[in-house]
2 protein chains.
Amino acid sequence: MGSPQQRYQQILCKLRESNHKLTPQRLAIIDILVHSRSHPTVEAIFEMLQEDFPTMSLATVYRNVVLLKSLGEVLEIGFPDGSNRYDGNKPYPHPHAICVRCKKIVDPDLRALGNLTAQVRQRTGFKILTHRLDFFGVCRDCLQSENQTKGVGR
Amino acid sequence: MGSPQQRYQQILCKLRESNHKLTPQRLAIIDILVHSRSHPTVEAIFEMLQEDFPTMSLATVYRNVVLLKSLGEVLEIGFPDGSNRYDGNKPYPHPHAICVRCKKIVDPDLRALGNLTAQVRQRTGFKILTHRLDFFGVCRDCLQSENQTKGVGR
DNA sequence: CAGATATTGATAATCTTTATCAAATAATAA
DNA sequence: TTATTATTTGATAAAGATTATCAATATCTG
Ligand SMILES: [Zn+2]
Ligand SMILES: [Zn+2]
Ligand SMILES: [Zn+2]
Ligand SMILES: [Zn+2]
């Protein structure tokens, strides 16, 4: 739902609406978030910015990610070990497939989630606001290299 | 799948099999985990133990939870803010409904998750090992008190 | 009971995220 | 363009949860 360019403009709108300033650092962070498909960490974003912004502070990345989260323009995929990841392409809840080996995260196309939410509401009485669905496994690349190491592959 | 008593014995079996000692502290932690339905935090377990074990160290609770996790006998429901919760009744993946207000966590009965895993495998090529499904919302109790505050309720 | 090993308690270390604050910058209007 | 004001930045300290360390203690086996 929206190209990186569209997402970029949409986020700029939100920022202007909420009277936030458009600093070069902020724009660069947004640029990375909407163009990256890898669900980067704050650290990864920070490193990608080193070239263009050698004086960029890590705190600035954290602050802007928090801001974009509060505006509903970035989805946080948080983990208990602190290796949090961010999706600026799809800021709404969606399932993820996570490789436990290389930590790759991809967005699988899935249907049939809406009725699950309805079921939960019925059985618990909760008013459901959002959800999170993660599948943990081993990606194709890692499966392949695993087989090569074991001498099973061709 | 199994009463608290059965779970308790099952975990003791696993510990004996893996040559772990059955200390009073360890047994008390397991007792709390299999009898609690509230998905307690480490801190909560620690506080529940204060009465019977005034000298119990917080590190001991952490260590034993880690051990039981590694034995597959407790399910960790981790959150990025560090408010991790533990389920000793159902150590296998299952959906949770989480109240964002009072932090209550309950186990809703849900079906139709098996085919989702198959779908993810098909579309991503991942070998899926486990999953996690959380629904975030407001529980019945909190909805009620919310309405009372607003003067909407009877 | 004795010996070997694992566990505990106390505390330091680690690591990610948040808070702090002076200096710098963006937005706005004169 | 410049001045004014509020926001943002960079650097660093602080916070908070989990893990590591290590001497003392307790368990298990025989
Ligand atoms: Zn992988
Ligand atoms: Zn995603
Ligand atoms: Zn509640
Ligand atoms: Zn549960």
Side-chain angles (χ1 to χ4, degrees), chain A residues 11-33 39-47 49-71 73-86 103, chain B residues 11-33 39-47 49-71 73-86 103:
Chain A
I11 294 176
L12 260 53
C13 274
K14 272 275 187 79
L15 286 172
R16 276 190 272 255
E17 280 173 22
S18 51
N19 285 95
H20 285 97
K21 296 182 175 172
L22 306 184
T23 67
Q25 293 95 330
R26 180 163 288 165
L27 296 180
I29 291 167
I30 296 169
D31 191 70
I32 286 180
L33 277 169
H39 303 83
T41 63
V42 162
E43 198 72 38
I45 297 169
F46 175 69
E47 280 162 20
L49 288 165
Q50 287 296 34
E51 199 176 336
D52 292 334
F53 296 83
T55 70
M56 165 85 66
S57 170
L58 185 57
T60 298
V61 185
Y62 272 106
R63 270 188 297 241
N64 278 287
V65 166
V66 167
L67 172 64
L68 295 171
K69 217 179 13 165
S70 75
L71 293 175
E73 292 298 332
V74 75
L75 180 75
E76 182 180 63
I77 313 161
F79 298 95
D81 70 344
S83 62
N84 296 356
R85 309 279 287 261
Y86 297 90
K103 309 302 177 190
Chain B
I11 294 176
L12 259 53
C13 274
K14 272 276 187 75
L15 286 172
R16 277 190 272 256
E17 280 172 21
S18 52
N19 286 97
H20 285 96
K21 296 180 176 173
L22 306 183
T23 66
Q25 294 94 330
R26 181 163 288 167
L27 296 180
I29 291 166
I30 296 168
D31 191 69
I32 286 180
L33 277 169
H39 304 82
T41 63
V42 162
E43 198 72 36
I45 297 169
F46 175 69
E47 280 162 20
L49 288 165
Q50 286 296 35
E51 198 177 337
D52 292 335
F53 296 84
T55 70
M56 166 85 67
S57 170
L58 185 58
T60 297
V61 184
Y62 271 107
R63 269 188 297 239
N64 278 285
V65 166
V66 168
L67 172 64
L68 295 171
K69 215 176 19 159
S70 75
L71 294 174
E73 292 298 332
V74 75
L75 179 74
E76 181 180 64
I77 312 161
F79 297 96
D81 70 344
S83 62
N84 296 355
R85 309 280 287 261
Y86 297 91
K103 309 300 178 191

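Protein chains get the first letters and strands the later ones, always in sequence-line order, with residue 1 at the start of each.
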Counting any heavy atom closer than 4.0 Å, what does [X] reach on the DNA or RNA strands: base, sugar-phosphate only, or nothing?
X	value
A:P54	nothing
A:R26	sugar-phosphate
A:V66	sugar-phosphate
A:T55	sugar-phosphate
B:P24	sugar-phosphate

Upstream residue (5' side of DNA chain D) when B:N84 and B:H20 are each assigned their closest nucleotide
B:N84

So which one's nearest nucleotide on DNA chain D is more toward 5', B:L22 or A:N19?
A:N19

Give, for atom [atom1] of [X] and atom [atom2] of [Y], the distance between the pair rounded to the nearest 0.5 Å.
X	Y	atom1	atom2	answer
A:M56	A:Q25	CE	CD	5.0 Å
A:R85	A:I45	CZ	CD1	10.5 Å
B:L12	B:E17	CG	CD	11.0 Å
A:D31	A:D52	CG	CG	9.5 Å
A:L75	A:L33	CG	CG	11.0 Å

Report the distance from atom [atom1] of [X] to atom [atom2] of [N], rounded to the nearest whole Å.
X	N	atom1	atom2	answer
A:R16	C:dA27	CZ	P	9 Å
A:F46	C:dT17	CZ	P	14 Å
A:N64	C:dT18	CG	P	13 Å
A:M56	D:dT9	CE	P	8 Å
B:L58	D:dT21	CG	C1'	16 Å
B:D81	D:dA15	CG	P	18 Å
A:Y62	D:dA13	OH	C1'	15 Å
A:L15	C:dA27	CG	P	11 Å

5'-most contact on DNA chain C (nearest-nucleotide basis), B:L67 vs A:V42, goes to B:L67

Between A:S83 and B:R63, who's closer to the 5' end of DNA chain C by nearest nucleotide?
B:R63

Any donor-acceptor pair under 3.5 Å linking the side chain of B:K69 with the backbone of B:E76?
no

Let's test your reading of the model: under 3.5 Å, does the base of D:dA26 pair with the side chain of B:K21 as donor and acceptor?
no

Short side-chain N/O contact from B:Q25 to OP1 or OP2 of C:dG9, under 4.0 Å
yes

Counting just side-chain N and O atoms, does A:S57 come under 4.0 Å of either OP1 or OP2 of D:dA11?
no

Can you identify which nucleotide, out of C:dT25, D:dT19, C:dG9, has its nearest atom closest to the B:T60 side chain?
C:dG9

Testing D:dT19, D:dT9, C:dT8 for proximity to the side chain of A:T23, the answer is D:dT9

